[in-house]
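Every chain is numbered from 1 and lettered A, B, ... according to where its sequence line falls, protein lines coming before strand lines. Atom set for the values below is all heavy atoms of this structure, side chains included, hydrogens, waters and symmetry mates excluded.
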Number of protein chains: 2
Amino acid sequence: MAERKKADAKPARGAEPPREIRDEVEGEASGRKSALGYTKPRTYEELRAVLASGTLHFPKRLRQVAIFLWQHPDDVALGTIVQVAEQAGVQPSTLVRFAKTFGFAGFSDLQGLFKDHVKGSWPEARGRAEPTSRSETHAELHFLGGIVAAARASLDRIGESFDVASFEAMIEVLAGADLIYLVGSKRAFPVTAYLSLTLSQQGVRNVLVDNVGSTAFDQIGCIGRGDALLAVSFSPYNSITPDLVAVAHERSAQIVTITDSTFSPLIPLSTRWIEVIESDFAGFRSLAASLSVGMALVHGVVAKRSAGRRQAR
Amino acid sequence: MAERKKADAKPARGAEPPREIRDEVEGEASGRKSALGYTKPRTYEELRAVLASGTLHFPKRLRQVAIFLWQHPDDVALGTIVQVAEQAGVQPSTLVRFAKTFGFAGFSDLQGLFKDHVKGSWPEARGRAEPTSRSETHAELHFLGGIVAAARASLDRIGESFDVASFEAMIEVLAGADLIYLVGSKRAFPVTAYLSLTLSQQGVRNVLVDNVGSTAFDQIGCIGRGDALLAVSFSPYNSITPDLVAVAHERSAQIVTITDSTFSPLIPLSTRWIEVIESDFAGFRSLAASLSVGMALVHGVVAKRSAGRRQAR
DNA sequence: TCAAAAATGGAAATCCTCTTCGAAATTGAC
DNA sequence: GTCAATTTCGAAGAGGATTTCCATTTTTGA
């Protein structure tokens with residue numbers, strides 16, 4: 001863990017920020033050509049605020065980094081650059097590039113913020129958590145314990161930070177829609193599948209865009225102005241979901257999104273969105289939080305619709 | 001932060017424990033001449049217990065170290081050896097000596113314990129999860145709280161009663177199968193869909209019997225003696241799942257089942273089965289427990305298969 | 001479709017950290 | 001007070017970790 005003292009970031013080629021970000025910054029702080037140094041976040045919270053602003057358009061790998069930093073601050077604080085790079089699925093050099101983008105001297109400099117943050121917010125944690133009590137005996141039981149813990153952690157996170165306003169606005173949009181389309185690929189598909197089933201059982205007409213027969217775009221092509229689309233999407237956002245949502249957006253449908261970071265490409269297209277972060281264990285990711293929030297959405301839609309019908313009489 | 005792999009602590013002169021401690025240990029574990037390695041703590045808690053025992057008489061500098069480790073675990077986890085040494089008021093080499101005293105390969109090895117501890121107990125540290133506190137205000141939030149509580153209850157129940165033997169037998173069956181078929185209708189479908197995805201991502205060939213095009217029976221009709229079928233089924237058992245499983249049974253495939261009661265019609269047909277009970281809230285049922293158990297199964301199968309392959313070489 | 005610009009991957013170079021080891025200082029027994 | 005055993009110090013070497021650089025790939029804009 002190098003704690004380099006020198007901060008004489010030479011304007012080397014590799015140190016230049018990606019274009020979108022440079023434009024962004026120069027646009028805001030008009031005329032500061034070499035200016036990213038000025039915007040270097042001084043605390044973890046500042047960094048988080050910058051990342052969350054959502055106005056930054058990162059290229060693929062840098063976005064991957066941003067998402068990982070957002071979701072695993074403790075791993076960033078405690079790991080080496082190699083470990084962090086592996087977990088984030090990028091090259092070590094990408095992390096350095098990312099750090100320089102924000103005016104840090106290098107990864108170590110950036111990591112300092114995370115260390116300070118962990119140090120500052122840690123003392124409460126002592127002597128808690130016995131998740132692996134009887135699990136020691138069998139390795140597979142240990143894994144089961146980990147998976148369950150991840151699910152629990154995901155559920156806990158809902159309680160900690162939940163955007164009630166967005167959530168209720170999403171219900172509003174879906175309840176007001178003529179027909180509800182559901183889109184979710186890969187990991188998100190089980191979620192949309194369950195929501196679709198539940199909606200149908202509750203008498204709410206809906207279309208699950210499952211891409212059977214590769215007809216997803218044709219299905220979405222029928223979406224109209226009065227319809228709404230519920231998209232569920234997790235990083236990496238490399239499935240067809242963004243493309244499908246883009247089509248719906250063009251056709252002026254209302255779009256509401258459940259996603260796991262503010263960097264989701266769906267957010268700019270969405271009328272309302274809500275962030276749901278799922279924990280994972282050994283790379284196996286929970287769906288517990290997304291399912292819960294999704295079910296609550298469905299319930300809200302059903303409740304609102306039947307309330308509306310009652311009033312209409 | 002060097003994560004050294006070699007643990008071949010040669011009995012170099014500097015590595016010998018100070019006299020008081022050696023006496024202490026030899027007194028307790030009578031006769032273990034080279035024994036400090038045996039007492040190497042495996043977790044932070046273990047180390048803390050040893051330090052707390054109070055029976056150890058350290059020389060001045062080493063005592064200084066012990067006190068610092070006790071009082072500033074977070075600084076130990078996050079700092080370099082030089083930083084820790086400075087803060088503790090000792091030489092870096094003293095920290096290494098201290099670590100070796102307890103059988104660690106060096107400071108990095110010791111520090112690993114502190115890192116794990118911080119990592120493990122950190123996420124909980126911020127704002128203690130109060131999911132249903134302000135929920136009273138909004139009806140929909142109350143519902144979300146209920147759904148989350150149901151998911152939690154489902155997860156809790158796994159810990160309470162879990163048939164380990166059946167679970168491991170199921171892994172055995174699936175790992176030994178030529179091809180794995182997955183069957184689950186309605187509510188169970190999201191579970192099988194996610195398991196199918198995960199299996200594929202882990203390189204385990206599988207067939208998700210999704211009944212697209214109403215071809216489920218034709219698909220199952222191809223199952224053979226060397227194959228296995230994982231069925232997921234919840235009450236009421238009125239879907240096509242029992243019929244599909246019956247076909248597989250006739251064709252002498254091995255059948256393992258995740259179900260929610262001993263009355264499931266699948267149980268007589270199954271080689272092994274496991275009970276997973278999902279809680280519900282206002283009729284909206286959780287899938288958290290089934291997904292967790294399913295994922296653990298997948299992981300077990302992957303682990304067992306790769307272990308088998310390793311042995312085969 | 002092509003050219004230019006940007007972003008990425010990967011290996012070499014550099015720098016720092018951790019560890020080792022001998023010398024100096026301290027302790028305690030006789 | 002002296003000697004031997006133990007502990008501490010601090011410099012130097014070995015080994016990683018971080019950073020830099022450039023060839024290659026990807027994206028952007030005309």
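- With 3.5 Å as the limit, one finds a donor-acceptor pair spanning the side chains of B:Asn206 and B:Ser200.
- In terms of phosphate contacts, A:Thr94 brings a side-chain nitrogen or oxygen within less than 4.0 Å of OP1 or OP2 of C:dG9.
- Here the C1' atom of nucleotide D:dG16 and the CD1 atom of A:Ile81 are 13 Å apart, to the nearest Å.
- OP1 and OP2 of D:dT8 both lie 4.0 Å or more from every side-chain N or O belonging to B:Gln91.
- The distance between atom CD of B:Gln111 and atom P of C:dT17, rounded to the nearest whole Å, is 12 Å.
- Between the side chains of A:Thr94 and A:Arg97, at least one donor-acceptor pair of N or O atoms lies under 3.5 Å.
- Between the P atom of D:dT18 and the CD atom of A:Glu86 lies a distance of 12 Å, rounded to the nearest Å.
- Rounded to an integer number of Å, the gap from CZ of A:Phe98 to P of D:dT19 is 14 Å.
- Between the side chain of B:Gln91 and the main chain of B:Ala85, no donor-acceptor pair closer than 3.5 Å is present.
- Between A:Glu275 and A:Trp273 there is a side-chain heavy-atom pair separated by less than 4.5 Å.
- Side-chain atoms of B:Ser108 lie closest to C:dT19 of the nucleotides D:dT19, C:dT8, C:dT19.
- Per the geometry, CG belonging to B:Asp109 stands 13 Å off P belonging to C:dC18, to the nearest Å.
- Considering only side-chain N and O atoms, A:Lys100 lies nowhere under 4.0 angstrom from the phosphate OP1 or OP2 of D:dT19.
- Atom CZ of A:Arg63 and atom C1' of C:dA7 are 14 Å apart (whole Å).
- Closest to the side chain of A:Ser93, out of D:dC9, D:dC21, C:dT8, is D:dC21.
- Contact check for A:Thr192 versus A:Val183: no side-chain heavy atoms found under the 4.5 Å cut-off.
- Judged purely by distance below 3.5 Å, without hydrogens or angles, the side chains of A:Thr241 and A:Ser233 never pair a donor atom with an acceptor atom.
- Contacts of B:Val90 with the nucleic acid, taken as non-hydrogen atoms under 4.0 Å apart, are absent.
- Distances shown here put every side-chain N or O of A:Thr80 at or beyond 4.0 Å from the OP1 or OP2 atom of D:dG16.
- Judged by distance alone, with hydrogens and angles left aside, the side-chain atoms of A:Arg272 form no donor-acceptor pair with the main-chain N or O of A:Met170 at under 3.5 Å.
- End-to-end axis angle for the helix from C:dT1-D:dA30 to C:dC30-D:dG1, using five pairs per end and rounding to 10°, comes out at 30°.
- Taking every side-chain heavy atom of A:Phe107 into account, D:dT19 is the closest of C:dT8, D:dT19, C:dC21.
- If you measure from atom CZ of B:Arg97 to atom C1' of C:dT20, you get 12 Å, rounded to the nearest angstrom.
- Rounded to an integer number of Å, the gap from CD of B:Gln83 to P of C:dC16 is 13 Å.
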